[in-house]
Protein chains: 2
Amino acid sequence: MENQNISDIIESYLKQILAESQQVEIRRAEIANQFNVVPSQINYVIKTRFTIQDGYVVQSKRGGGGYIRIEKVKLLDNLDFIDSLVTAVGDQITRHDSLSVVRSLFEAGAINRSEANIILAAINKDAINTGDRQADEQIRAQILISILNHLRYES
Amino acid sequence: MENQNISDIIESYLKQILAESQQVEIRRAEIANQFNVVPSQINYVIKTRFTIQDGYVVQSKRGGGGYIRIEKVKLLDNLDFIDSLVTAVGDQITRHDSLSVVRSLFEAGAINRSEANIILAAINKDAINTGDRQADEQIRAQILISILNHLRYES
DNA sequence: ATAATATTAGTCAACATTAGTCAAGAACAC
DNA sequence: GTGTTCTTGACTAATGTTGACTAATATTAT
C-alpha cells in the first residue's frame, strides 16, 4: 500500500471513474501531464490493466480532438462470453493474463469465489512449472480451456 | 535465544509484526539492508519459515514498487487429512489415482460437487497431455498438491 | 481538391527497478 | 566425519519508466 508505482495509481484513478460511469474518455497527453509521466506510459497502463480479458474495450482516435476511451464491457450471455475467453486464451497464455481470465469469470458470475481460488491454485506457478516457460504457458492454456469447456456444459 | 542465526532473527522480526497485524509487506532489498544480509536470504527465510504448513501465504511483485507480502491465514481443521493426500499424491500420480483423491476430498466435505468437477476438468486428459506420460503424471501431481495446499486455509 | 502543417495517439526498444532461482561454500549439529 | 542448515552472490525474470520515432486524423493554406 505504501510504495505504489505510478502505473498502479493511474490504474486506480481510471477504475475509480469506471466504477461510477460505464466508460471513461481521456486525452492521453492530459492524463500524462496530470500524473507527471510520459504519454506512452498511459499506453502501458492500458495495455497491462485494461485488456479484454479484464473486461474492458479500448477505442482511440488520433489527431485533433483525439481521445482514448475505455469502456467496461457488458457481459454477454455465458456461452458467448466463454467462447470469447476460449479465444482469448488460445494455445498458450501467460500467468498474468490467466489471472485476468479467472477474474473475468468471477465477475461474470460464471464461478464463485471458492471456485475461482481453486482454479488459481491449479494454474499458479507452484502448480505449473516444468522449467520451460513456453511449455508452461501451453499447459496453462489447456487447463483453462478444459475448465472453460466444463463451465459451458454446466451453464 | 542465545545462538540465534540471522535467519532466525529476521523470522522473529517478521513474526513480531504479524502478531499484531494480519499481514506484513516488505521491500526485499530494504529488509536485507536492515539486517545486513544479501537479498536472497530474505527468500530463504520465507521459504523455510513462512510456508503454508506454518499458516502463511506469500505474494510478491517485481519491478518498480515491488514488494513481498506475507499474510497469516486461518488454517482449517482438516490438516492431517490434507497431509495424507499430499503424501499419497507424491511426485507423480496417475489419472486413475487422481480421481480417488478428488473423490476423497468430496466425500470428506472439503469440496462440493462443483468444485470437484472443476478440479477434474483441470486434471483430465484434455487438460494435461504433453505426449509424455510421466511428465503428465508429474504435472498432475503438482496441480493437485497446489490445490490441496490451497484447501488448508480459509480464503 | 490538394498539399502542408498541426495535433493528437501508437509502437518499440533501451534502461531502471524490483524479486526469484540456484548452486557453491561455510557453519553447525551430531 | 557426515549430513543438514545457513549464507552468499552470480545470474535470471518480471514489471515499470522513458523517449525517439511512427502513424493517423484534423485543420489550414493554396
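In the text below, chain A, chain B and the rest are named by the order of the sequence lines, each starting its count at 1. The model shown is predicted, which means the values in this text are computed figures rather than measured ones.
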Which part of the nucleic acid, if any, lies within contact of A/Arg95, taking any heavy atom under 4.0 Å across all strands shown: a base, the sugar-phosphate backbone alone, or nothing? nothing
Select from B/Gly63 and B/Val38 the residue whose nearest nucleotide in DNA chain D is closer to the 5' end of that strand. B/Val38
Is any side-chain nitrogen or oxygen of B/Ser7 closer than 4.0 Å to OP1 or OP2 of D/dT7? yes
Rounded to whole Å, CG of B/Asp8 lies from P of C/dC28 at a distance of 12 Å
Rounded to whole Å, how long is the line connecting atom CG of A/Asn5 with atom C1' of D/dA14? 12 Å
Run the side chain to side chain contact (heavy atoms under 4.5 Å, CB included) test against A/Asp54 and tell me which residues pass, sequence neighbours left out. A/Thr51, A/Tyr56, A/Ser100, A/Arg103
Specify the separation, in whole Å, of atom OH of A/Tyr44 and atom C1' of C/dA9. 19 Å
Using a cut-off of under 3.5 Å, enumerate the N/O to N/O pairs linking the protein to nucleotides 10-14 of chain C.
from: C/dG10; atom 1: OP1; to: A/Ser60; atom 2: OG; distance (Å): 2.9
from: C/dG10; atom 1: OP2; to: A/Asn43; atom 2: ND2; distance (Å): 2.5
from: C/dG10; atom 1: O4'; to: A/Arg62; atom 2: NH2; distance (Å): 3.0
from: C/dG10; atom 1: N7; to: A/Arg28; atom 2: NH1; distance (Å): 2.9
from: C/dG10; atom 1: N7; to: A/Arg28; atom 2: NH2; distance (Å): 3.3

Students often get this wrong, so: under 4.0 angstrom with heavy atoms, is B/Ile42 touching a base, only sugar-phosphate, or nothing? nothing
With a non-hydrogen cut-off below 4.0 angstrom, is A/Arg69 in contact with a base, only sugar-phosphate, or nothing? nothing
Look up atom CD1 in B/Ile68 and atom CD1 in B/Ile26, then write down how far apart they are to the nearest 0.5 Å. 4.5 Å
When the distance from CD1 of A/Ile26 to C1' of C/dT8 is rounded to whole Å, what number comes out? 13 Å
Side-chain donor-acceptor pairs under 3.5 Å in residues 120-134 of chain B, sequence neighbours left out?
from: B/Asn124; atom 1: OD1; to: B/Asp126; atom 2: N; distance (Å): 2.9
from: B/Asn124; atom 1: OD1; to: B/Ala127; atom 2: N; distance (Å): 2.9
from: B/Thr130; atom 1: OG1; to: B/Asp132; atom 2: N; distance (Å): 3.2
from: B/Thr130; atom 1: OG1; to: B/Asp132; atom 2: O; distance (Å): 3.3
from: B/Thr130; atom 1: OG1; to: B/Asp136; atom 2: OD1; distance (Å): 2.7
from: B/Asp132; atom 1: OD1; to: B/Gln134; atom 2: N; distance (Å): 3.0
from: B/Asp132; atom 1: OD1; to: B/Ala135; atom 2: N; distance (Å): 3.2
from: B/Gln134; atom 1: NE2; to: B/Gln92; atom 2: OE1; distance (Å): 3.3

Pairs under 3.5 angstrom only: tabulate donor-acceptor contacts from the side chains of residues 31-45 of chain B to other protein residues two or more places apart or in another chain.
from: B/Gln41; atom 1: NE2; to: B/Ser7; atom 2: OG; distance (Å): 2.8
from: B/Asn43; atom 1: OD1; to: B/Arg28; atom 2: NH1; distance (Å): 2.6

How many Å lie between CD1 on B/Ile9 and P on D/dT7, as a whole number? 9 Å
Please enumerate all residues that pass side chain to side chain contact (heavy atoms under 4.5 Å, CB included) together with B/Ile145, with sequence neighbours excluded. B/Val86, B/Val89, B/Asn149
In whole angstrom, give the distance that lies between atom CD1 of A/Ile6 and atom C1' of D/dT15. 15 Å
Per atom distances to the B/Arg27 side chain, the nearest of C/dT18, D/dT5, D/dT17 is C/dT18
What do the steps show when you test B/Ile9 against B/Asn5 for side chain to side chain contact (heavy atoms under 4.5 Å, CB included), and what is the final call? CA-CA 6 Å; B/Ile9 292 170; B/Asn5 57 49; over 6 Å; no
To the side chain of B/Val37, which of D/dT18, D/dT8, D/dG16 is closest? D/dT8
Without decimals, in angstroms, what is the distance between A/Ile31 CD1 and C/dA9 P? 10 Å
Tell me, please, which residues at least two apart from B/Asp83 pass side chain to side chain contact (heavy atoms under 4.5 Å, CB included). B/Asp80, B/Arg152
Separation of A/Lys125 atom NZ from D/dT12 atom P, in whole Å? 19 Å
